[in-house]
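To keep things clear, I will list the structure first and then write my remarks on it.
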Amino acid sequence: CYNTLQNKRLADLVTRNMREIKPPEYTREELQFAAELAKSISPVQKREWLRRSRRPDWRELENVLMDTSVPDPWDEGEKGGGSTDVADVSWNTPTLEFTTATGILGTPGHSWQFASVSGMSIGHKSLLFAAKTIAASILDLFAKPDLLKEVRKEFAERTKGVEYKSPLPPDLKPPLNQLEAH
């Protein structure tokens, strides 16, 4: 129900680790597969998808198949149109979401094109890149207590005077018996 609470310190950490690890490189066969799928996305659809991303350099990506760059975070203070329970989590602890280069630019989320790329080596490489980024970022937070303090300080400053209230009734119990035979 809540909008995602950003954490710039976490975003900077993850961006730095993504750049250090380096995004995946794709084989000729993978890029050919992606190019075939990209034919199902019209230039107008791609342009609109890029524009809605609000990424400052979106126009430079109109002729790019898959973006393997690691841009600076650009969505500070933006409100998304999607729905995620991660947003509610972000009001309880410092949280960050990031994306990697799995999709063909312009591909709608939850589409057959996105599923096709995610279910092959392109998606596997992106998953490994994301996992390495997460692991490196966690190690940094464990190994550098001052960094973790900065992340927590930013969270405390952003949530000062705001109490998170779950929209769910406090006595609500999860329906754990849904699979029981009746």
Side-chain angles (χ1 to χ4, degrees), residues 1-24 48-58 61 66-103 105-111 114-115 117-118 123-176 178:
C1 291
Y2 283 64
N3 289 315
T4 304
L5 181 64
Q6 305 290 332
N7 190 293
K8 180 154 178 32
R9 192 64 192 101
L10 275 179
D12 291 343
L13 171 65
V14 167
T15 300
R16 183 180 53 78
N17 281 324
M18 289 174 83
R19 288 177 177 154
E20 189 173 314
I21 292 164
K22 299 193 181 4
E48 182 60 18
W49 183 90
L50 287 166
R51 186 190 63 75
R52 281 193 327 262
S53 76
R54 299 185 189 107
R55 184 170 161 173
D57 63 347
W58 70 268
L61 299 171
M66 296 177 68
D67 181 22
T68 57
S69 68
V70 179
D72 291 331
W74 71 87
D75 60 351
E76 177 74 24
E78 295 286 341
K79 308 275 187 284
S83 174
T84 175
D85 48 4
V86 171
D88 283 71
V89 172
S90 74
W91 284 87
N92 290 281
T93 190
T95 306
L96 180 78
E97 290 181 288
F98 66 97
T99 58
T100 60
T102 300
L105 291 177
T107 303
H110 309 286
S111 67
F114 201 88
V117 174
S118 297
H124 187 245
K125 286 179 178 181
S126 185
L127 176 68
L128 289 174
F129 175 53
K132 289 176 185 179
T133 299
I134 292 168
S137 299
I138 290 170
L139 286 173
D140 285 341
L141 292 169
F142 276 127
K144 302 172 185 171
D146 288 343
L147 178 60
L148 182 57
K149 284 180 188 172
E150 290 174 27
V151 168
R152 288 184 172 157
K153 180 181 176 194
E154 179 182 338
F155 176 77
E157 289 169 358
R158 288 183 177 230
T159 57
K160 186 176 183 175
V162 178
E163 179 185 351
Y164 172 81
K165 292 185 181 175
S166 173
L168 302 175
D171 59 343
L172 182 66
K173 302 287 184 225
L176 300 177
Q178 288 184 3

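In this chain, residues are counted from 1 in sequence order.
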Legend entry - Side-chain heavy-atom pair V89, W91 within 4.5 angstrom cut-off: no
Inset, instruction - Please answer whether the main-chain N or O of Y2 pairs with a side-chain N or O of Y164 as donor and acceptor at a distance below 3.5 Å. - result: no
Legend entry - Side-chain heavy atoms of F129 within contact of M18, under 4.5 Å: yes
Inset, instruction - State the CZ-OG1 distance between R16 and T133, to the nearest 0.5 angstrom. - result: 11.0 Å
Legend entry - Reported OG1-to-CG distance for the pair T100 and L127, which is rounded to 0.5 angstrom: 8.0 Å
Inset, instruction - Using distance alone, with no hydrogens and no angle criterion, decide if T95 and S90 have a side-chain donor and acceptor under 3.5 Å apart. - result: no
Inset, instruction - Give the intermediate values and the outcome of salt bridge (charged side-chain N to carboxylate O under 4.0 Å, His left out) for residues K160 and E157. - result: CA-CA 5 Å; K160 186 176 183 175; E157 289 169 358; over 6 Å; no
Inset, instruction - Please confirm whether the backbone N or O of F114 pairs with a side-chain atom of S111, one donor and one acceptor, at under 3.5 Å? - result: yes
Legend entry - Carboxylate-amine/guanidinium proximity below 4.0 Å for E150 and R9: yes
Inset, instruction - Kindly indicate whether the side chain of N7, heavy atoms from C-beta on, has any atom under 4.5 Å from the side chain of L96. - result: no
Legend entry - Ion pair check, R55 and D67, cut-off under 4.0 Å: yes
Inset, instruction - Kindly compute the distance separating NZ (K153) from CG (D146), expressed to the nearest 0.5 Å. - result: 11.5 Å
Legend entry - Nearest non-hydrogen partners of D88 and P167, listed with the distance: OD2-CD, 4.2 Å
Inset, instruction - Enter the distance from L10:CG to F98:CZ here, rounded to the nearest 0.5 Å. - result: 11.0 Å
Inset, instruction - Please examine the side chains of P94 and L148, heavy atoms only from C-beta on, and report whether any two atoms are closer than 4.5 Å. - result: no
Inset, instruction - Enter the distance from Q6:CD to F155:CZ here, rounded to the nearest 0.5 Å. - result: 13.0 Å
Legend entry - Between CZ on residue R19 and CD1 on residue I21, distance to nearest 0.5 Å: 13.0 Å
Legend entry - Main-chain N/O of L50 paired to S53 side chain as donor or acceptor, under 3.5 Å: yes
Inset, instruction - Assess whether side chain to side chain contact (heavy atoms under 4.5 Å, CB included) is satisfied between T159 and L5, documenting all intermediate values. - result: CA-CA 9 Å; T159 57; L5 181 64; 3.4 Å; yes
Inset, instruction - Can you establish whether the number of heavy atoms outside E20 located under 6.0 Å from its atom CD is more than 12? - result: no
Inset, instruction - Decide yes or no for T15 and P73: does some side-chain heavy atom of the first lie under 4.5 Å from some side-chain heavy atom of the second? - result: yes
Legend entry - Side-chain ion pair, D12 and K8, N-O less than 4.0 Å: yes
Legend entry - Beyond-backbone contact of L13 with L141, side-chain heavy atoms, under 4.5 angstrom: yes
Inset, instruction - Verify the distance criterion only: is there a donor paired with an acceptor across the side chains of S137 and N17 at less than 3.5 Å? - result: yes
